[in-house]
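A short worksheet on the structure shown next.
Computed from heavy atoms alone, side chains included, the values below leave out hydrogens, waters and symmetry copies.
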Amino acid sequence: MKALILVGGFGTRLRPLTLSVPKPLVDFGNKPMILHQIEALKAIGVTEVVLAINYQPEVMLNFLKDFETKLGIKISCSQETEPLGTAGPLALARDKLIDDSGEPFFVLNSDVISEYPLNQMIAFHKSHGGEASIMVTKVDEPSKYGVVVMEESTGQVEKFVEKPKVFVGNKINAGIYLLNPSVLDRIELKPTSIEKETFPKIASEKLLYAMVLPGFWMDIGQPKDYITGLRLYLDSLRRNDPSKLATGLHIVGNVLVHESAKIGEGCLIGPDVAIGPGCIVESGVRLSRCTVMRGVRIKKHACISSSIIGWHSTVGQWARVENMTILGEDVHVCDEVYSNGGVVLPHKEIKASILKPEIVM
């Protein structure tokens, strides 16, 4: 089987992190976002992953070459010269996706994090005999999304309603699809939306089916959702693979600590924290609801909550960092500085407190 991952553009909503690496290579739960998806695809027997990309393909490919060998899966790029929306990239990658097997192929949005129940999706797809399957997830506020209206017992999709003013359902597209090769015949090589053009057409012919995603789901393409996604991901690890989580007197709730990280005396860490490779957390530090990426140093008695600390940054002694502060790569927060929602571009030193949410160039 093959899979296409829609990598897309510049990752502007996750700046300043995406000023250093393309969005799919931003760490989430101590590994690049896209690796969660590639590992899940490999686990169910996918042999080739195509990345549909229009920005920095060489950076992505150089990075993923290592994983190609480690995981034993072929990874290639299909590069757009102009943005082609969410369906155009399938037409562009047609030759990479089609083979003699006639097997369906997966399409995933690179921002989506979930438990990826891909085997269940294959079984569902085979059972209904339609042309395409989409994963849907239930949400509390469907009026913010495009809602998928479906026949509950069979999963047959009736129609899509964009941001409905009156309640028509609470299931939205989760960005995971399984498509027969014939779907490619419906897509022209031009900027096209799979959600607004391709799927409604297939649904009108009663050949589109939706499966409700078991477990959690989050689009982690912006900081607030990234932090929420981390909580859901760690919850899922607690249920499915608790041995991966840290334990100890200094740990509260779900915490992921890379084995090469060092944590000092008298710290209190958690809930919902990921500490990456090579990090040094000095004594008396308090961390909650945050990600600390590779090579970060957090000095004595600093306090970090609801924030993302980018690669190789430093947080000074008695500093306080909170309220969706995002530090880009190699940012140094001086001792006793306070950051309330600061978004700091890479390679900067912060000597004065940031009292209200702002971007620090």
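- With hydrogens and angles disregarded, no donor-acceptor distance shorter than 3.5 Å links the side chain of Ser20 to the backbone of Pro16.
- Side-chain atoms of Ser353 come within 3.5 Å of backbone N or O of Tyr338 as a donor-acceptor pair.
- Formation of a donor-acceptor pair under 3.5 Å by the His36 side chain with backbone atoms of Phe28 is found in this model.
- Between the side chains of Arg289 and Ser306, a donor-acceptor pair is found at a separation under 3.5 Å.
- At least one donor-acceptor pair under 3.5 Å links the side chain of Ser313 to the backbone N or O of Val331.
- A salt bridge links Glu152 to Lys171: one of the charged nitrogens lies within less than 4.0 Å of a carboxylate oxygen.
- In this structure, Ile308 is a member of the same hydrophobic cluster as Leu19, with clusters built from ILVMFWY side-chain heavy atoms closer than 4.5 Å.
- Note that the NZ atom of Lys96 and the CZ atom of Phe105 stand 14.0 Å from one another [nearest 0.5 Å].
- No more than 12 heavy atoms of other residues, nucleotides or ligands sit less than 6.0 Å from atom CD of Glu336.
- Counting all heavy atoms, side chain and backbone alike, Gly130 lies closest to Asn180 at O-ND2, 3.2 Å.
- Between Leu327 and Val315 the shortest side-chain heavy-atom distance falls below 4.5 Å.
- Listed for the Thr137 side chain is no donor-acceptor partner under 3.5 Å among the backbone atoms of Trp217.
- Leu208 is listed as a side-chain neighbour of Phe160, based on a closest heavy-atom distance under 4.5 Å.
- More than 12 heavy atoms of other shown residues, nucleotides or ligands fall within 6.0 angstrom of atom NZ in Lys2.
- At least one donor-acceptor pair under 3.5 Å links the side chain of Lys348 to the backbone N or O of Met361.
- No side-chain N or O of Asp330 forms a donor-acceptor pair with one of His312 less than 3.5 Å apart.
- Put simply, CG on Leu84 and CD1 on Ile194 are 12.5 Å apart, with the number rounded to the nearest 0.5 Å.
- In terms of modelled atom types and a separation under 3.5 Å, the side chain of Lys42 and the main chain of Gly72 share a donor-acceptor contact.
- When all heavy atoms are compared, the tightest approach of Val337 to Ala352 is CG1-O, 3.8 Å.
- With Ser110 contributing its side chain and Leu6 its backbone, the two residues share a donor-acceptor pair below 3.5 Å.
- Grouping the Ile, Leu, Val, Met, Phe, Trp and Tyr side chains by contacts below 4.5 angstrom, directly or via other members, places Trp311 with Leu35.
- Follow the hydrophobic side-chain contacts under 4.5 Å out from Ile5 and you reach Val46 in the same cluster.
- Using a 4.5 Å heavy-atom threshold, the side chains of Leu97 and Pro181 count as separate.
- Counting heavy atoms of neighbouring residues, nucleotides and ligands inside a 6.0 Å radius, atom NZ of Lys126 does not exceed 12 of them.
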Take Ile309 and Val333 through the test side-chain contact (heavy atoms from CB on, under 4.5 Å) and record every step on the way to the result.
CA-CA 11 Å; Ile309 310 299; Val333 175; over 6 Å; no
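- For the atom pair NE2 of His250 and CD of Glu265, the computed distance is 9.5 Å after rounding to the nearest 0.5 Å.
- In this structure, Ile359 places its CD1 atom where only 12 or fewer heavy-atom neighbours from other residues, nucleotides or ligands lie under 6.0 Å away.
- Put simply, the side chain of Leu178 reaches to within 4.5 Å of the side chain of Met1, judged on heavy atoms.
- In this structure, the separation between OG on Ser182 and CG on Leu207 is 8.0 Å, given to the nearest 0.5 Å.
- Across every non-hydrogen atom of Asn30 and His258, the tightest pair is ND2-N, 3.7 Å.
- Between Ile251 and Ala246, the shortest heavy-atom contact is CG2-O, 3.8 Å.
- Of the inter-residue distances, the one linking Glu68 atom CD with Ser76 atom OG reads 8.0 Å to the nearest 0.5 angstrom.
- Under a cut-off of 6.0 angstrom, the local environment of CD in Glu205 is crowded, with over 12 non-hydrogen atoms contributed by other residues, nucleotides or ligands.
- Between the Gln37 side chain and the Asn109 main chain, a donor and an acceptor come within less than 3.5 Å of each other.
- Under the 3.5 Å distance criterion, with hydrogens and angles disregarded, no donor-acceptor pair is assigned to the side chains of Thr192 and Glu197.
- When the options Gln317, Lys300, Arg297, His301 are evaluated for a side chain to side chain donor-acceptor pair (under 3.5 Å) with Glu282, the one that passes is Arg297.
- Scanning both residues, Lys351 and Cys334, for their nearest heavy atoms gives CG-SG, 3.8 Å.
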Steps toward salt bridge (Lys or Arg N to Asp or Glu O under 4.0 Å) verdict (Lys206, Glu151):
CA-CA 11 Å; Lys206 301 197 179 340; Glu151 214 283 306; over 6 Å; no
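- Considering all non-hydrogen atoms of both residues, Asp335 and Gly316 come closest at OD1-CA, 3.3 Å.
- Counting heavy-atom neighbours within 6.0 Å of Arg186 CZ, excluding the residue itself, gives a total above 12.
- Without hydrogens or angle criteria, Thr325 side chain to Asn323 main chain gives no donor-acceptor distance under 3.5 Å.
- Proximity of Phe216 to Asp235: side-chain heavy atoms (C-beta onward) are nowhere separated by under 4.5 Å.
- Atom CG of Leu237 is separated from atom CD of Glu115 by 9.0 Å, given to the nearest 0.5 angstrom.
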